[in-house]
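Please read the structure below before turning to the comments.
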Amino acid sequence: MGGSHSREDIDLTSSDEEEDYEEEDYDARSPISEPAASAGQRDDDLLRTATPSSLEAIDAKLRSLDLKYQRPTSAKLYLHVGGASPSARWVPAERRATYAFVDKSGDEASSPRWFLEVGPGPRVSAPVDSALQLKTNPAQRRADFAASGSVWALRLPTDAEFRRFRVEYERCLFQNTFGVEPTDEGRKEVFGADFAAWAQPAEADDAVWADAEESLTPPAAAPARDLLEQFEEEAGDGDSIQSLALGALDNSFLVGGAGIQVVRNFRHGVHGKGALVRISGGRGGTASVYSTPKKALLMRGETNMLLMNPGEALHSHGVHHVDIETGKVVAEWRFEKDGTDITMRDIANDSKGAQLEPSGSTFLGLDDNRLCRWDMRDARGRVQTIGSSSESPILNWSQGHQFSRGTNFQCFASTGDGSIVVGSVDGKIRLYSKSSMRMAKTAFPGLGSPITHVDVTCDGKWILGTTDTYLILICTIFKDKDGKEKTGFSGRMGNRIAAPRLLKLTPLDSILAGADNKFHGGQFSWVTENGKQEKHLVATVGKFSVIWNFQQVKDSNHECYRDQQGLKSCYCYKVVLKDESIVDSRFMHEKFAFNDSPEAPLVVATPMKVSSFSIANRR
């Protein structure tokens with residue numbers, strides 16, 4: 001576990017081979033006549049003052065100077081060897097490398113249009129997309145990226161060449177992602193008029209982020225913090241853990257193929273295996289078929305649990321209602337609307353703290369084109385019962401909307417007051433008030449990647465979306481015409497919408513995370529009380545559990561954001577490394593934070609073990 005910078009940010013100029021870089025550079029390039037040199041100088045001046053709003057002008061200038069994307073350009077290519085070992089280092093891979101952004105739109109076998117190719121060979125050929133995890137270092141005229149299972153660093157010979165590389169990369173990335181040119185018209189087509197800050201981050205007003213920082217600034221002498229492992233336990237009965245269901249009271253639950261393992265909650269984490277609840281048949285006496293659920297939802301003061309079993313294409317036709325104390329399936333509910341069986345992709349609690357309510361009878365449901373609230377009481381308000389296992393009760397569709405087509409919902413979450421955020425396959429994130437599921441109050445545009453998981457703070461002011469290669473942090477705060485502060489759940493945000501921030505792995509960590517190196521399950525720490533603020537964010541990727549300091553991510557003056565182009569990306573995080581892929585990582589409820597820690601323990605589950613970590617002040 002630890003930080004993220006030490007392995008990658010070694011100054012490449014420390015290499016012995018760098019001493020003759022300038023001589024090698026000019027030997028490797030075509031001779032430049034005097035007129036061409038002066039033109040290159042004018043190009044340098046133009047690129048030196050470049051902003052995103054002038055990309056079109058820069059492109060036109062480059063084309064007029066015959067510096068097109070396909071032109072191979074000299075550079076030095078380095079390869080990272082040694083992984084995370086003490087002997088890890090950068091070694092020269094090509095001392096006279098050339099790079100080019102190659103248009104492969106005519107190649108029927110190629111789906112993306114633009115590829116980055118580094119030769120000779122080419123040694124590297126990869127589509128220009130977020131999977132490159134490209135990270136630039138202007139001070140070293142360097143771009144690090146992941147491709148073909150390795151980590152590479154491309155070092156450019158001049159500042160002008162480095163700026164040209166960034167301009168061309170951003171253009172190719174935009175075209176590959178959205179299928180249009182990154183002109184003013186193209187950006188407006190993708191993001192819409194209200195999201196100018198998303199289209200032109202360099203010109204965005206960061207006042208919303210600044211306001212948030214002022215209200216949440218920590219003490220100036222905040223101590224450094226370490227992750228300390230407190231407990232680690234094997235999964236019970238040799239059964240593999242499939243998901244976590246954390247409780248805010250006495251117990252939490254490890255859900256697996258054989259049943260539900262009960263563990264105790266302590267201030268230092270979860271510990272002490274309790275009973276293994278083996279799911280048995282319903283009230284009719286016939287054994288209920290139990291398969292490992294895709295979702296476990298605690299309800300009714302954490303004494304009951306809804307288990308959602310995966311059906312065809314991850315859609316379920318109903319849920320098993322389990323009494324945790326007895327291990328009995330007390331009901332097998334069917335999803336039905338207007339007399340027709342329907343499916344659900346996901347279920348969620350009505351609000352952040354709904355699982356603590358002892359008499360709760362409703363929960364939220366989501367399918368590709370449906371958003372609704374289910375009620376376990378019948379339409380007349382009476383609790384439904386089950387006479388035999390063959391008489392499955394029907395959930396009452398109490399509120400919601402079935403959209404005609406095109407929403408492609410994928411995941412959702414609720415705030416402290418019951419407002420709902422929904423993520424979609426097209427990357428859009430929609431905000432619904434607690435009173436209406438028919439029309440989204442706010443719809444944030446996608447950045448080109450599907451949203452696979454979404455979370456929201458208890459107060460509804462911040463949203464965290466998960467994609468395969470990055471997390472996206474969105475601020476929903478705005479001020480209405482009377483100057484009153486609101487969130488996008490309660491009204492239209494208009495055009496004063498702050499640009500989002502991205503949370504990414506460095507290229508090296510994206511490889512070290514393992515073969516299953518896609519982000520999943522990005523979440524805030526768990527707060528259920530108004531007036532309290534989440535302090536950390538956590539996500540799982542391969543063998544890594546990755547933790548960001550929430551305050552640090554929001555700080556516009558944070559070192560990660562210096563000299564960045566495009567949307568600001570934060571690379572400062574701590575990593576918990578396990579020896580196998582991690583199933584889930586979640587913070588316990590805020591009430592389990594103790595005096596020496598600013599945060600409740602982090603619980604990390606792998607298929608065969610569950611571990612707890614405390615974030616302690618360094619002494």
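Note that the numbering runs from 1 along the sequence shown for the chain.
Side-chain contact annotation: Glu117 with Ser125, donor-acceptor N/O pair under 3.5 Å present. A donor-acceptor contact under 3.5 angstrom links the side chains of Glu580 and Thr606, judged on distance only. A donor-acceptor contact under 3.5 angstrom links the side chains of Ser87 and Ser85, judged on distance only. Neither side chain, Ser545 nor Thr540, offers a donor N or O lying under 3.5 Å from an acceptor on the other. Side-chain contact of Gln175 with Thr177: a donor-acceptor pair under 3.5 Å is absent, judged by distance alone. A donor and an acceptor atom, one from each side chain of Thr158 and Arg141, are nowhere located under 3.5 Å apart. When only modelled atom types and interatomic distance are considered, Ser525 and Glu599 share a side-chain donor-acceptor pair under 3.5 Å. Defined by atom type and a distance below 3.5 Å, a donor-acceptor pair is missing between the side-chain atoms of Ser449 and Thr467.
Residues Leu77 and Val124 come closest through the heavy atom pair CD2-CG2, 4.5 Å. The nearest pair of heavy atoms linking Ala539 to Leu471 is CB-CD1, 3.7 Å. What you find for Pro601 and Gly269 is that their closest heavy atoms are CG-N, 3.5 Å. The shortest non-hydrogen separation linking Val180 to Phe174 is O-CD2, 3.4 Å. Taking every heavy atom of both residues into account, Met588 and Ala600 meet most closely at O-CB, 3.3 Å. Taking every heavy atom of both residues into account, Asp455 and Ala413 meet most closely at CA-CB, 4.0 Å.
To the nearest 0.5 Å, atoms CZ (Arg163) and CD (Glu168) are separated by 13.5 Å. Asp579 CG to Met608 CE: the interatomic distance, rounded to the nearest 0.5 Å, is 11.5 Å. To the nearest 0.5 Å, atoms OG1 (Thr476) and CZ (Phe444) are separated by 6.5 Å. We find the OG-OH distance between Ser569 and Tyr561 to be 8.0 Å, quoted to the nearest 0.5 Å. For the atom pair CG of Leu512 and CZ of Phe544, the computed distance is 5.0 Å after rounding to the nearest 0.5 Å. Rounded to the nearest 0.5 angstrom, Ile547 CD1 and Leu503 CG are separated by 12.0 Å.
Aromatic ring centroids of Phe178 and Phe191 lie under 6.0 Å apart. For Phe550 and Phe524, the distance between ring centers is under 6.0 angstrom. Ring-centre distance between Trp548 and Tyr573: below the 6.0 Å cut-off.
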**OP:** List the steps and the verdict of side chain to side chain contact (heavy atoms under 4.5 Å, CB included) for Cys475 and Lys461.
**Re:** CA-CA 6 Å; Cys475 180; Lys461 294 181 179 180; 5.8 Å; no

Subject >> Audit row: Asn408, Asp426, side chain to side chain contact (heavy atoms under 4.5 Å, CB included) steps and yes/no >> reply: CA-CA 7 Å; Asn408 290 318; Asp426 60 4; 5.7 Å; no

Original post:
Does the side chain to side chain contact (heavy atoms under 4.5 Å, CB included) test come out yes or no for Leu464 and Gln523, once each step is laid out?
Top reply: CA-CA 7 Å; Leu464 185 66; Gln523 299 192 44; 5.5 Å; no

Original post:
Should Lys76 and Glu94 be marked as a side chain to side chain contact (heavy atoms under 4.5 Å, CB included) after you check the CA-CA gap, both sets of side-chain angles, and the distance that decides it?
Top reply: CA-CA 6 Å; Lys76 295 195 75 171; Glu94 294 291 347; over 6 Å; no

**OP:** Would you sort out whether Asp584 and Arg586 count as a salt bridge (Lys or Arg N to Asp or Glu O under 4.0 Å), showing the intermediate values?
**Re:** CA-CA 7 Å; Asp584 203 357; Arg586 296 192 183 192; 2.9 Å; yes

**OP:** In sequence, state the C-alpha distance, the side-chain angles, and the governing distance for Arg501 and Ser556, and then conclude on side-chain hydrogen bond (donor to acceptor under 3.5 Å, both in side chains).
**Re:** CA-CA 10 Å; Arg501 294 193 176 163; Ser556 295; 2.7 Å; yes

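Using modelled atom types, one side-chain atom of His453 and one backbone atom of Gly522 make a donor-acceptor pair closer than 3.5 Å. Formation of a donor-acceptor pair under 3.5 Å by the Asn517 side chain with backbone atoms of Ser510 is found in this model.
Side-chain contact between Leu156 and Tyr99 is present, with heavy atoms from C-beta onward closer than 4.5 Å. Between Tyr571 and Lys135, the closest side-chain pair of non-hydrogen atoms falls below 4.5 Å. Between Phe115 and Phe101 there is no side-chain heavy-atom pair separated by less than 4.5 Å. With contacts defined as side-chain heavy-atom distances shorter than 4.5 Å, the pair Leu602/Val538 qualifies. Contact check for Val553 versus Cys570: side-chain heavy atoms found under the 4.5 Å cut-off. The shortest distance between side-chain heavy atoms of Val190 and Phe195 does not fall below 4.5 Å. Counting heavy atoms from C-beta on, the side chains of Leu447 and Trp198 come closer than 4.5 Å. Two residues are said to be in side-chain contact when any heavy atoms from C-beta on lie closer than 4.5 Å; Thr469 and Phe519 fail this criterion.
Screening Val576, Leu505, Ile582, Leu537 for a side chain to side chain contact (heavy atoms under 4.5 Å, CB included) with Val546, the sole residue that qualifies is Leu505. With Pro112 as reference, Asn176 is the one residue of Leu173, Asn176, Val128 to meet the side chain to side chain contact (heavy atoms under 4.5 Å, CB included) rule.
Between Asp144 and Arg142 there is a salt bridge, since a side-chain N of the basic residue sits under 4.0 Å from a carboxylate O of the acidic one. Taking 4.0 Å as the cut-off between side-chain N and carboxylate O, Lys578 and Glu232 count as a salt-bridged pair. Comment: Asp103 engages Arg113 in a salt bridge, judged by a side-chain N to carboxylate O separation of less than 4.0 angstrom.
Both tests pass for Lys554 against the ring of Trp462: distance under 6.0 Å to the centre and angle within 45° of the axis.
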